[in-house]
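Here's the structure, in structure tokens; my notes come after.
So you know, we letter chains A, B, ... as the sequences are listed, proteins then strands, and number each from 1.
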2 protein chains.
Amino acid sequence: MTYSASALVIDDHPMVARGIANFLLSHCGFDQARPVSNVSEFWDALDTAAPPSLAVVDFWLPEGASLSLLVELKLRCPSTRLLVISADDNAAVLDKVGIAGADGFLHKQESPDVFGRAVAALLQGDSWFQSGTQFAGREFPNKELPVTALELGLTARQGQVLAMMLKGLPNKRIALNLSLSEQTVKEHVTGILERLGARNRIEVITKLRGRKLEGS
Amino acid sequence: MTYSASALVIDDHPMVARGIANFLLSHCGFDQARPVSNVSEFWDALDTAAPPSLAVVDFWLPEGASLSLLVELKLRCPSTRLLVISADDNAAVLDKVGIAGADGFLHKQESPDVFGRAVAALLQGDSWFQSGTQFAGREFPNKELPVTALELGLTARQGQVLAMMLKGLPNKRIALNLSLSEQTVKEHVTGILERLGARNRIEVITKLRGRKLEGS
DNA sequence: CCAGACACCCTACTCCGGTAGGGTTCCCTT
DNA sequence: AAGGGAACCCTACCGGAGTAGGGTGTCTGG
């Protein structure tokens with residue numbers, strides 16, 4: 001279980017990032033754990049080293065950058081496991097995080113023990129969404145909270161296409177609705193899949209579980 | 001709009017069925033509308049005549065027969081439009097009805113005017129789910145109410161396959177999980193599609209919108 | 001005892017979804 | 001002026017999904 005594991009930890013409070021990084025080194029068998037405290041530092045770190053096995057991301061980054069960061073990260077380092085931490089126990093947060101491609105979610109005030117188990121689970125390829133219930137779990141009443149296309153790092157057009165994908169429309173129908181060629185729709189779909197880190201439209205649909213997008 | 005339209009109306013209270021049938025004849029341009037008040041009568045009527053353009057089905061039939069009746073009907077007469085009526089405004093009802101393949105849903109106490117518009121919408125190929133919001137609408141909080149495979153007229157095996165389909169698993173994976181050949185899975189899938197009146201798995205997923213089945 | 005339903009397997013085919021790799025236009029920023 | 005990104009179009013290809021049409025064995029109810 002203690003392979004060679006590297007981590008990148010981002011939290012806008014440097015001490016927190018540092019603390020987590022140290023914990024990973026001393027208690028989780030990581031041989032590398034770099035703490036950063038802002039987004040550009042984060043990308044720098046990514047560019048100057050091999051993709052880490054784990055990224056720990058604070059949800060409340062300035063300007064709400066975390067969601068797009070998650071998406072972007074999943075895109076650039078598909079193999080990196082994503083653990084999101086937040087001081088906030090809002091179900092909506094957890095929900096959005098799941099959509100954006102995180103592999104796990106934890107409250108900051110969680111005990112080190114739990115933290116360690118979550119990390120272990122992620123490294124093994126499992127998910128960890130607080131209390132072990134996959135974010136599809138029933139205690140999150142799925143309030144149809146709208147997710148904006150922008151939050152997911154999508155273009156406006158991709159957002160329109162995604163909205164129809166979620167209704168279950170096939171490419172041909174979407175093309176008709178938007179007066180496009182089927183091929184163009186396919187390209188938008190490909191873009192969406194890439195962004196959301198899904199392998200096909202079914203994964204997208206099950207991830208977003210019948211949620212609605214901004215512009216209806 | 002007033003083609004030759006025929007209807008079959010089932011309600012366990014004969015007077016209600018009769019009243020609706022008359023309304024269809026006098027106000028909706030139907031040239032045939034047969035009221036029946038129990039299930040066997042219903043199937044008899046179906047066997048002895050061409051599939052009607054519209055079926056009006058009371059949700060509260062004895063023994064909760066309406067759900068399986070809907071599924072069965074959709075299977076035997078795919079072209080028949082299905083309007084479900086209920087005295088009950090429980091969101092769960094509306095939800096289940098949508099799953100079972102109904103094209104529209106109405107409260108019994110709805111005004112004749114609305115009733116007429118709903119019927120017209122259905123005959124045009126549209127859906128009608130109370131207040132025009134497609135049953136995907138936001139005012140139904142989607143309580144993850146479990147639907148049993150049996151309620152949908154599925155076999156146990158089909159239920160297992162469906163559960164995995166809803167998680168977004170491809171046939172190959174389902175086959176592995178159940179130790180089956182991919183082909184066998186395909187056949188179960190085909191059976192499910194037939195039953196639920198869907199054209200592909202995506203329609204199934206969007207219809208059931210991430211709900212859970214009985215046996216996990 | 002036999003019909004029918006169910007579960008299981010097979011080959012062969014079609015169609016749609018998604019990828020790859022070409023191209024044009026518009027617009028925005030450098 | 002030049003580059004980049006987004007939107008749009010095309011052909012060609014591959015793999016998964018779903019259908020068609022064959023087959024086997026088991027169990028259950030008339």
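Rounded to whole angstrom, the span from the CG atom of Asn200(B) across to the P atom of dC16(C) amounts to 10 Å. Taking atom CD1 on Ile205(A) and atom P on dG17(C), their separation rounds to 11 Å, with Å as the unit. If you measure from atom CZ of Arg157(B) to atom C1' of dC6(C), you get 11 Å, rounded to the nearest angstrom. Rounded to an integer number of Å, the gap from Leu169(A) CG to dC16(C) C1' is 15 Å.
Taking the salt bridge (Lys or Arg N to Asp or Glu O under 4.0 Å) definition, one finds that Glu41(A) meets it with nothing, sequence neighbours left out. Ala118(A) is linked by a side chain to side chain contact (heavy atoms under 4.5 Å, CB included) to Leu106(A), Trp128(A), counting only residues two or more places apart in sequence or in another chain. By the ring pair (Phe, Tyr, Trp, His ring centres under 6.0 Å) test, Phe42(B) is found to be paired with no residue, residues two or more places apart in sequence or in another chain being considered. Arg81(B) is linked by a salt bridge (Lys or Arg N to Asp or Glu O under 4.0 Å) to Asp103(B), counting only residues two or more places apart in sequence or in another chain. With sequence neighbours left out, the salt bridge (Lys or Arg N to Asp or Glu O under 4.0 Å) criterion links Arg18(B) to no other residue. The side chain to side chain contact (heavy atoms under 4.5 Å, CB included) test applied to Leu178(A) returns Arg157(A), Gln160(A), Val161(A), Met164(A), Ile174(A), Leu180(A), not counting sequence neighbours. Qualifying side chain to side chain contact (heavy atoms under 4.5 Å, CB included) partners for Thr80(B), counting only residues two or more places apart in sequence or in other chains: Pro51(B), Pro52(B), Ala55(B), Cys77(B). Residues that satisfy the salt bridge (Lys or Arg N to Asp or Glu O under 4.0 Å) test with Arg173(A), not counting sequence neighbours, are absent from this structure.
Only Gln183(A), Thr184(A), Glu187(A), His188(A), listed by number, bring a heavy atom of residues 182-194 of chain A to less than 4.0 angstrom from any atom of DNA chain D.
Within the 3.5 Å criterion, the main-chain N or O of Gln32(B) finds no donor-acceptor partner in the side chain of Ser6(B).
Within the structure, every pair that satisfies the salt bridge (Lys or Arg N to Asp or Glu O under 4.0 Å) test and touches residues 179-197 of chain B, not counting sequence neighbours, is listed here: Glu72(B)-Arg195(B).
For dG18(C), the OP1/OP2 oxygens have no side-chain nitrogen or oxygen of Arg199(A) closer than 4.0 Å.
Nearest-nucleotide assignment on DNA chain C puts the 5′-proximal partner with Leu180(B), out of Ile202(B) and Leu180(B).
Between Ile20(B) and Val56(B), the closest heavy-atom pair is CG2-CG1, 4.3 Å.
Defining each end axis of the helix from dC1(C)-dG30(D) to dT30(C)-dA1(D) as the rotation carrying four pairs' C1' atoms onto the next four, with five pairs an end, the two axes are found to diverge by 30° to 10 degrees.
With a cutoff of under 4.0 Å to any heavy atom of chain B, the contacted region of DNA chain D is bounded 5' to 3' by dG16(D) to dG21(D).
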